[in-house]
Amino acid sequence: MVQIIWLVATVLVLFSVGYFGYSRYLARFVELDDANTTPAHKYEDGQEYVPAKKPVLLGHHYSSIAGGAPIVGPITAGVVWGWVPALLWIAIGNPLMGATHDFVSLSASLRHDGKSIGYIVGEYVGQRGKNMLLWFAFLTIILVVAVFALVVAIVFNAYPQAATASLIYIGLAVLFGVYLYQLNLPFLAGTAAFVAAMFVGVYAGILYPLALVPGDYSAGTIVLFSMDASWLPAASAFGANTAAWIPVILVYGALASALPVWVLLQPRDYLSSFLLYTGVGGALLAIIVGTFGGALGLAAVTPSQSLVTNLEPFYGFIGRGGLPLFPLLFITIACGTISGFHSLVSSGTTSKQLNKESDARLIGYGGMLGEGLLAVVALSAVAIVSPDVGGGIGLALPTFAAGGGIMLTSFGIPTDFGGPFMALVLVSFLLTSTDTAVRLGRYMMEEIIDRPDSSAQSFATNRYGNALVQTLPAYVLIASGSWETLWALFGGANQLLAALALLTGTVWLANWSDSKQLASTGGPMVLMVTITVIGLSWIALHDNLYMKFLDSEWMASAGIFEILAGVAQIAIALTLIYLALSLVKLGYENIQKVRQEPGTGEFTPSDD
């Protein structure tokens, strides 16, 4: 067994080298300059383009990118292949690939009036490439909304305390938005008051847990409806209370995405960031205190014997369950190392709120490192709790809360309090990611349609109509009850989107100047395309075609819905591969052209 402190130390050292070294180089490389007017100031409209203070925007960005995926992925990978491969992919891949991906996506959007990566790639490879990437991103967004809404519902069911506290802090966020933007009252005083109120809300959640329908809850749980909800879609797969929460969360995401950013998005993400920093930072500090604090008289309780790994370092190239480490490890851990969804946040909401260009380094690069810290906390949590925890969604999330609760005993916090608190930390990530994703989906559709010339197009770009276009298919995906299918499609689409965002950054740099090196973005792009294409091919050809359709026993016992699900997985995986390779071809042709014919590129810094 190895002390957990060594996992944390490895990540902290490599992340520090990345931020204080490599990110400084990247900031000079893309020529960040505070003399340039950012899109937030250039197009300020009080709705989408709203300049935000750096800590406020960092809170929004970090809350939006860090959902349930950097928790589920590391937990699953650690259990299947061991903690060493999972740790190395997070510690090395994040600063070199993921943080670079986020930073370049944000920087490119800044130089293109806050437009999305789809718009940017279209500027250089044409309308066809733009539409392909935007449709790819829009379909990915629907998968993101489905995954995050389901995860929130599962956590609300496992920890009803999180439901109460979440409702309270959403209400506080609306009041804080009025306080800041309508009443123009002092920022620091308001922060202190509302953050304190938010933590009171956490305590209220622990005292008064909330559920929608009857179930097996702890004493004192408030049940809002006494009806039998077993008839709800997905109730048989996930339970009645979880199934009841799913449409509520989707409706919340739809409504929240339609509000001006100052009403809910900015103030809520800023307030919730204090909860997130406390949870992630507190867990990391608890590991340090729990390991060394006893000798120094700092730890209220000294659980040094508990803060060790109970997972094997390495279960072999063919991990438990017969899963090959390559390429599946690199798809299983997406968020936490590199995630295409982050490019949509960076070039969607964040670039429209950046106050000055120099803020991009902390928010873009540093924000991704912050998600990596969440990933190592999740890996540490499962390593502490048990080596036998399965990687499924139903067990992964409670494991994070249980393991995090054990960490917090270093401060004398009982697990009965620490576990629910860490569940609240998780939910605060998830809720912000859900409605941010719906908002980003609207941006994608607006760029695809541009100028609506029919009632259908007007509906698709309307803030309420577009939310319906996204949440209905997301609900259908969840209602199918097949988490494995949903997670595999999400992981594959997310990683391919990351490769395409890196492609966009590479094309932008190539068109900027023939003296710009392309290795920082081009190298990770090639690696991610290779890994993800092989991974999706494995899902389509091995997991579905070979293991199902070429297996006579499976075919004899499979029902119609199982067969349709298998066909859908193959079709979607192959479609994603086709779209990605087609876009890579277009991007490569553009780079070849501008490098062979200097001066033909379209971008100059004066385009700001």
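- A donor atom on one side chain and an acceptor atom on the other are found under 3.5 Å apart for H41 and N355.
- Taking 4.5 Å as the limit, every side-chain heavy atom of L271 sits out of range of all side-chain heavy atoms of Y169.
- The pair E446-R463 does not meet the salt-bridge criterion, since no charged nitrogen lies less than 4.0 angstrom from a carboxylate oxygen.
- Two residues are said to be in side-chain contact when any heavy atoms from C-beta on lie closer than 4.5 Å; L527 and M97 meet this criterion.
- The pair K115-E123 does not count as a salt bridge, with every side-chain nitrogen at least 4.0 angstrom from each carboxylate oxygen.
- Proximity of L344 to V144: side-chain heavy atoms (C-beta onward) are nowhere separated by under 4.5 Å.
- Remark: K53 is positioned above the aromatic ring of F187, its terminal NZ or CZ atom under 6.0 angstrom from the ring centre and at most 45 degrees off the axis.
- In this structure, F176 and T191 have side chains that are in contact, with non-hydrogen atoms separated by less than 4.5 Å.
- For F326, the CZ atom is densely surrounded, since the number of other residues' heavy atoms within 6.0 Å is greater than 12.
- Using a 4.5 Å heavy-atom threshold, the side chains of V104 and L502 count as separate.
- Using modelled atom types and a 3.5 Å distance limit, the side chains of T506 and T521 yield a donor-acceptor pair.
- Between W135 and F138, the angle of the ring planes goes over 60°, which puts this pair in the perpendicular group of the 30/60° scheme.
- Ring pair F103/Y365 is perpendicular by interplanar angle, where above 60° counts as perpendicular and below 30° as parallel.
- Among I92, L369, N94, L88, the single residue meeting the side chain to side chain contact (heavy atoms under 4.5 Å, CB included) criterion with L14 is I92.
- When each of S351, S343, S347 is tested with S109 by the rule side chain to side chain donor-acceptor pair (under 3.5 Å), just one qualifies, namely S351.
- Around OH of Y588, the count of heavy atoms belonging to other residues, nucleotides or ligands within 6.0 Å does not exceed 12.
- Residues P74 and I71 come closest through the heavy atom pair CD-O, 3.6 Å.
- Under a 4.0 Å N-O distance rule, the pair K516/E31 qualifies as a salt bridge.
- Two residues are said to be in side-chain contact when any heavy atoms from C-beta on lie closer than 4.5 Å; K352 and P39 fail this criterion.
- Contact of the L32 side chain with the L26 side chain is not registered, since no non-hydrogen atoms from C-beta on lie closer than 4.5 Å.
- With respect to the salt-bridge test (charged N to carboxylate O, under 4.0 angstrom), the residues R111 and E357 qualify.
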Decide ring-ring contact (aromatic ring centres under 6.0 Å, His included) for Y124 and W508; before the verdict, give the C-alpha distance in whole Å, the side-chain angles of both, and the deciding distance to 0.1 Å.
CA-CA 8 Å; Y124 306 112; W508 165 54; 8.5 Å; no
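- With a 4.5 Å cut-off on side-chain heavy atoms, T140 and F341 do not count as touching.
- Judged by the 6.0 Å distance and 45° axis criteria, R361 is positioned over the aromatic ring of Y19.
- Between Y270 and F274, the angle of the ring planes goes over 60°, which puts this pair in the perpendicular group of the 30/60° scheme.
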